[in-house]
Each structure stands twice: as C-alpha cells, then as structure tokens.
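For this chain, numbers begin at 1 and follow the sequence in order.
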Amino acid sequence: MEIVTNLINGFSLFMFTYFFIVSAFYIFLIFISFNNLRGFLQVIKNDITVTSDYTKPISLIVPAYNESETIIDNIESLLNLNYPQFEIIVVNDGSKDSTVEKVISHFNLRKVDIDLNYQVPCQKIRGVYSSFKISNLILVDKENGGKADALNAGINVSRYPLFCGIDADCVVEKDALLKIVKPFLKHDETIAVGGIVRIANGCTIENGKVLRSELPRKLIEKFQIIEYFRAFLTSRVGWEKLNALLIISGAFGLFKKAAVIKVGGYHKTIGEDMELTLRLHEYHRKNKIPYKVNFTSDSVCWTQAPDSIKGLRSQRTRWHIGLIDSLLSHKKMLLNPKYGTVGMLSMPYFFFVEMLGPVIEIVGYAIMVIALIGGILSKYVILIFLMAYLYGILFSISAILFEQYSYKRYTGVRSVTSLLINSLFEQFVYRQMTVWWRFKAFFIFRKANNHWGEIKRNSFSEKRNEHNLYEKIKLNSPDTISRIAGDFSKEELKHVEWLNRLKQDIPNGTIEENEEFYYISDYNFKSIDSNGEDLKVETEKDFFLFALQMEKNSILMYSEFKNHFQMESNEYKLFNKIINEERSHMYFILKVLHDLK
C-alpha cells in the first residue's frame, strides 16, 4: 500500500508541475493574443486596403465529397464575394451523392476541354465543366483520392498565383477575401494566411449570406462555439504574433501557390492542413528563406459544426489522428533551435499539451479514482484538478470576452450570459468526452485511412430543404411527378388571399359551399357569395391557384399524400412543416399540387 501511495504522490507532483506550466502558457497566450488583437483592431479602423483597387487574383478551391446539402449555398456565397478578380474551382472527389448533378444543373454547366498541367500529384480528372454565364466558375470531376488529393487537383487547374482552400460546408462573408489577402499585399514574404472559422449552427442563412448570427439551441453546439473562440482568438492570434502558427484551417486558408508547389503540394494524410503548414515552416527555416505565416481574425467563414455526439466523436477523433500524424512526421523540429520559435515554442506546446494532454489527463482521472477507492486521496490531487478546471474556465472566458471586445457577432446580454455560463459547465462531461475520444485516437491512428470523414450535413437554408424534398419526390415518383408548375411571379403569390374552407371534392373540379369564396378570373381574386351554387374551376391553372389560397391545414389531405409517395416519417414531418409555414413556401406547394394532378 505504501508503494501505491508513493506512486500516486509522485505522479501527483508530476501532474501539478505539468498543469502549472500549461497554465502559465495559457496566461502567456492570453496576454500576447490580447495585445495582438488590440493592435489589429486599431489597424482595421485606419486600413484603406479593403477599399483599394490593388489586389492579387485568387483561385478559390472547394474540395467536395458528398456535399449535396450545402454545396449550392457555398458556391452562391463565393459568387457574391466582393473581390475584383477570382475564380471558383469546385473539385468533386468521386462523390456518391448528387453533388455533381446539382452543381451542373443549378449553374447550367457544360463539359469543356482544357490542357492540364500536373504540377502536384492527384488522381485522374474525369472532366472539367464551366458556364457561359458564370465565366469564373469551374467544376472538376475526379476519381476519389481524399481531400488532399482534391486540393492538389484544384491547384493543377487553377490559374492564379494565390489559392484559397474552402470547405464545401462553409459560407464565406462577402468581404472575407479582401481581408484575408491583406498580409500578401503588405509583406512579399507572406506564404500563408488563415481566416477565422465561426460556427453557423443557429444562424439564419439564405442564398449564401449570413443574415443573422444567433446561438444554437443544443448545448453540444454552444460548447463548440466556445472551443472555436479559444482556438482562434486566444491561440492562433497569439501564435501568429510569434510567426509560429502551425495550423492554417482547411476550412478557410489562403496560400502562395508557388510556395506550396515547391514543397510538393498537399500530402495524403488526415490532417493535410496542419501537415502542409508544418512542411512550409520546415522548408523555409531549414533553407533560411524569409517568410511569414499570418492569421486575420476579421476574415470570416461560417461552417457547420456536428450537432450530435456521433458526429462530434468522429470529427474529434480524426482531428487528433491528424495532429498525431503531423507532429510525428515533423518531430525533428521539436525543441530544435534551428527552427526558431516553431521548434522551441509552438512544437513543444502542441506536442506536450495538445497531443499528449489527453493521455496525461486520462491517467490523472484513473489515479484519482484509485486514490478515492483506497482512501489515500491527497490534497495535491484535488489541487491539480481544481487548477485544471479553473484555468480551463479562464481560457474560455478570455476567449468570449475577446470576441465581445473585438467583433461582437453574438449581441445581446442573453447570448453573452449564455456563453459565459456554458463555459463553466463545458469543463464537466463535455471536456471528459472529448479527452476520451482524443485518447482513443492513439490506438487507431496507425490504422486510420486518409479518406473523408462522414459527418452529416444539414442544408443551411430552409428553402433548400424544400427544394431537396421536392427533387427527391420527383426522383422517387417519376410517373406521377412529371411536370413543373408555371412560373408564377412573387407579386402574384403575394396578393393571394386565403379561402376559409375547401371540400375534399376539389379533384373533381367543383366546390360546394355556402360561405364566401374567391373566384379566379385572369389571376385576380374577386369576392362572391355562391349562395349554394356550384363554382366551376375551369382550367388546370385555375385549380392550382385556387388550391394555393385555401386554409393552410387543409391544403392537402396529409394521409393520402403520405401514402401516395410512401414518404419516410422524417420527410412527412418536413412536408407538414413546410405547408404550415408562411406564404414564402407556397411556390413549393404549388409545384407539388400541379404534379399531383
């Protein structure tokens, strides 16, 4: 028993020292980040770069694998970017869903012949598509090879000296390119710049634009918002100041194409974004080439975060596998003064805190349980976990306050209070879950493949959900759904008035009612009293316009509709939701009614 006690006390001393150093590093990062962020905000107020005509052309590369739910919103947000000269290259990496078909159909693309210059390796490109109307949009269809391979294909097709990797589940703010390009305009030695990634869950997004940013309802999503604040506003801002930033997020990062080609492009690994950044650091420091890796906290892209335990587990496990693989692949930089602040500061931090931290914490939990069972729980063990908890909260609260000090994307006392309260509870259960998943990554990272992770995507726009459901109905019922409704203008639909009731004999073309109705004549609606007389609905178009006006809950016989299409329960619920929404959804209903005829 004495041996066990000594072992526990010895490990407790180690844990105390470890968390003391980690906490000191946290305070160091918070201090540097605050000073850097404050200086950056001062520059923004007096910066004329955003209004300048002097920019550099950019190739936007969007790797896509099974992204049919979000790809249209993503492309539309990119097409609306406020930037003088850019091209959008969507790279379909052998998707198994309708990603390619949706992009081709929505943007009216056609196949073209181009001469490809394979400057970096990638799988076979099956076809390239473009549009007469949208000259800067290109779709590349290639064989599956993973995200890194898709990015390399985009580099091979790209025309411009700078390229920006953007995830297909992201929406980029209109002025984001003007902001992320600034370091390239100010410093010729800039080779990479990262933008800030924010969580879109809870936000109102339409046509590729974030109309309103609000907190999501689920705790698991709120906790991730706090994590992203920590990662970007108190970590990357600080490392950028030291020119020792090791991660340019794959969701939104701008690179000098020549520098990336010189180091061989992206490597096929799970953490391709971090691995490339490390390789750029290593190459330039080893060859004593002046360079800068920057971060801009005002260039924003919005991404979907997992909203389920399953999705979050998959994401965090893969992230940690990518971290392990990248750090071990470049371990020769660890504590090597030859690599400056990267070798002596950021590499040790990421190696001992980010990578090994979960292992040390899991062992600490095990020691605490053993000490409790054996009745030998020392004050050091309690002090250690109290220290870890308090400094975790300090790091989170600092990040939230930095956000409110700088950009205030979540306004209102209620939102800020919610984030602060959740930062206290994040340290319980949620933290332990993520630590456990990262711990398990050590046992599977050698077996992990380099393929895309499977995370369920939800459409950003509710209108897109309606469109997807309608398209699915058409595909599943080709004999019945064969025609699309006429093109009714928004003004026509806007002035439609509602009828009180509609009897179930509407498919027979007559309505019997003793109350007030609205008669259709040249698409204008006139109030009449039928006095019990039959009201004929003479034309097909009249019928559907008439049906469009009736009371929402009577617009279709739900059970018949459900049985006719054999809809799954979740689709049926979605349809019910749609037809009970505001009139903005009625065009969708009009199409379905028309095709039901």
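Of the possible polar contacts, one joining the T70 side chain to the A168 backbone as a donor-acceptor pair under 3.5 Å is found. Although no hydrogens or angles enter the test, the distance criterion places no donor-acceptor pair under 3.5 Å between the side chain of S299 and the main chain of A176. Put simply, the side chain of N156 gets close to the backbone of N152: a donor and an acceptor are under 3.5 Å apart. Side-chain atoms of R318 do not come within 3.5 Å of backbone N or O of A441 as any donor-acceptor pair. Judged by distance alone, with hydrogens and angles left aside, the side-chain atoms of T317 form no donor-acceptor pair with the main-chain N or O of S314 at under 3.5 Å. Without hydrogens or angle criteria, D93 side chain to A64 main chain gives no donor-acceptor distance under 3.5 Å. Side-chain N or O atoms of D97 include one that pairs as donor or acceptor with a backbone N or O of T99 at under 3.5 Å. Remark: side-chain polar atoms of S346 are paired, donor with acceptor, to backbone N or O of A244 under 3.5 angstrom. A donor-acceptor pair under 3.5 Å links the side-chain atoms of N243 to the main chain of V293, judged by distance alone. Side-chain N or O atoms of H281 include one that pairs as donor or acceptor with a backbone N or O of L245 at under 3.5 Å.
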Point to revise | Evaluation steps, side-chain contact (heavy atoms from CB on, under 4.5 Å), between V62 and I75 | key: CA-CA 9 Å; V62 184; I75 295 173; 6.0 Å; no

**Study point:** Candidate pair W239 and F295, rule side-chain contact (heavy atoms from CB on, under 4.5 Å), full reasoning
**Key:** CA-CA 9 Å; W239 290 119; F295 173 74; over 6 Å; no

Exercise for review: Determine, stepwise, if the pair E227 / R431 fulfils salt bridge (Lys or Arg N to Asp or Glu O under 4.0 Å).
Suggested key: CA-CA 10 Å; E227 281 185 306; R431 172 174 175 165; over 6 Å; no

Check your understanding: Step by step, would you call Q224 with Y228 a side-chain hydrogen bond (donor to acceptor under 3.5 Å, both in side chains)?
Key -> CA-CA 6 Å; Q224 290 175 81; Y228 273 56; 5.5 Å; no

Point to revise | Test log, rule side-chain contact (heavy atoms from CB on, under 4.5 Å), inputs L151 and F163 | key: CA-CA 10 Å; L151 287 163; F163 77 87; 5.5 Å; no

Exercise for review: Let me see the working for D149 and K142 under salt bridge (Lys or Arg N to Asp or Glu O under 4.0 Å), right down to the final yes or no.
Suggested key: CA-CA 10 Å; D149 195 81; K142 62 178 287 293; 2.6 Å; yes

Exercise for review: Show the numbers, then the answer: is there a side-chain contact (heavy atoms from CB on, under 4.5 Å) between I247 and R236?
Suggested key: CA-CA 8 Å; I247 302 177; R236 299 192 189 186; 3.7 Å; yes

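Considering only heavy atoms from C-beta on, L60 stays 4.5 Å or farther from Y160 through its side chain. Looking at K174 and Y83, their side chains never come closer than 4.5 Å, going by heavy atoms from C-beta outward. For the pair S158 and K257, the minimum side-chain heavy-atom distance is below 4.5 Å.
Contact record, M344 with P348: O-CG, 3.5 Å, taken as the closest heavy-atom pair. Taking every heavy atom of both residues into account, W302 and S213 meet most closely at CH2-CB, 3.7 Å. Of all non-hydrogen atoms in V353 and Y26, the two that sit nearest each other are CG1-OH, 4.3 Å. S423 and I226 get closest at one heavy-atom pair: N-CD1, 3.6 Å. Considering every non-hydrogen atom in both I225 and P216, the closest pair reads CD1-CD, 3.4 Å. Between G250 and D167, the shortest heavy-atom distance links the atoms O-OD1, 3.2 Å.
Salt bridge absent: E214 and R409 never bring a charged side-chain N and a carboxylate O closer than 4.0 Å. Salt bridge E282/K332: present, at least one basic N to carboxylate O contact under 4.0 Å. Ion pairing between K147 and D273 fails under the 4.0 Å rule for side-chain N and carboxylate O. Between D298 and K182, at least one side-chain nitrogen of the basic residue sits less than 4.0 Å from a carboxylate oxygen of the acidic one, meeting the salt-bridge criterion. Ion pairing between a basic and an acidic side chain is recognised when a charged N comes within 4.0 Å of a carboxylate O; E275 and R279 show such pairing.
In this structure, F425 places its CZ atom where only 12 or fewer heavy-atom neighbours from other residues, nucleotides or ligands lie under 6.0 Å away. Summarising the local packing, NZ of K241 is surrounded by 12 or fewer heavy atoms from other residues, nucleotides or ligands at distances under 6.0 Å. The neighbour count for K310 NZ, taken as heavy atoms of other residues, nucleotides or ligands under 6.0 Å away, does not exceed 12. Within 6.0 Å of the NZ atom in K56, the count of heavy atoms belonging to other residues, nucleotides or ligands exceeds 12. Atom CG of N287 is surrounded by more than 12 heavy atoms from other residues, nucleotides or ligands within 6.0 Å.
Interatomic distance, C164 SG to I248 CD1, rounded to the nearest 0.5 Å: 10.5 Å. Here the straight-line distance linking atom CD1 of I32 with atom CG of L242 works out to 4.5 Å at 0.5 Å rounding. Taken to the nearest 0.5 Å, the CD1 atom of I71 stands 9.5 Å off from the CG atom of D169. With rounding to the nearest 0.5 angstrom, the CD1 atom of I270 is 13.5 Å from the CH2 atom of W319. Atom CZ of F255 sits about 8.5 Å away from atom CD1 of I191, to the nearest 0.5 Å. In this structure, CG in L278 is found 6.0 Å from OG in S326, a value given to the nearest 0.5 Å.
Aromatic pair F25/Y349: centroids less than 6.0 angstrom apart. The ring of F402 has its center no closer than 6.0 angstrom to the ring center of Y407. In this structure, the ring of Y389 has its center less than 6.0 angstrom from the ring center of F428. If you look at F439 and H320, their ring centroids are not closer than 6.0 Å. Two rings, from Y291 and Y283, have their centers 6.0 Å or more apart. Ring centroids of F14 and F11 are separated by less than 6.0 Å, placing the two rings close together.
Between F34 and Y405, the ring planes lie tilted relative to each other; the angle falls in the 30° to 60° range.
The ring pair (Phe, Tyr, Trp, His ring centres under 6.0 Å) search around F252 returns none, not counting sequence neighbours.
Donor-acceptor pairing under 3.5 Å is recorded for the side chains of E240 and N36. Side-chain contact check for Y410 and Q404: no donor-acceptor pair (N or O, by modelled atom type) lies under 3.5 Å. With 3.5 Å as the limit, one finds a donor-acceptor pair spanning the side chains of N422 and S418. Side chains of N74 and S77: no donor on one and acceptor on the other come within 3.5 Å.
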Sequence neighbours left out, cut at 3.5 Å: what donor-acceptor pairs do the side chains of residues 390-397 make with other protein atoms?
| unit_1 | atom_1 | unit_2 | atom_2 | d |
| --- | --- | --- | --- | --- |
| S396 | OG | R230 | NH1 | 2.6 |
| S396 | OG | G392 | O | 3.1 |
| S396 | OG | E426 | OE1 | 3.4 |

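Within the structure, side chain to side chain donor-acceptor pair (under 3.5 Å) pairs that include any residue of residues 189-201 comprise R198-E403, N201-E221 (at least two apart or interchain).
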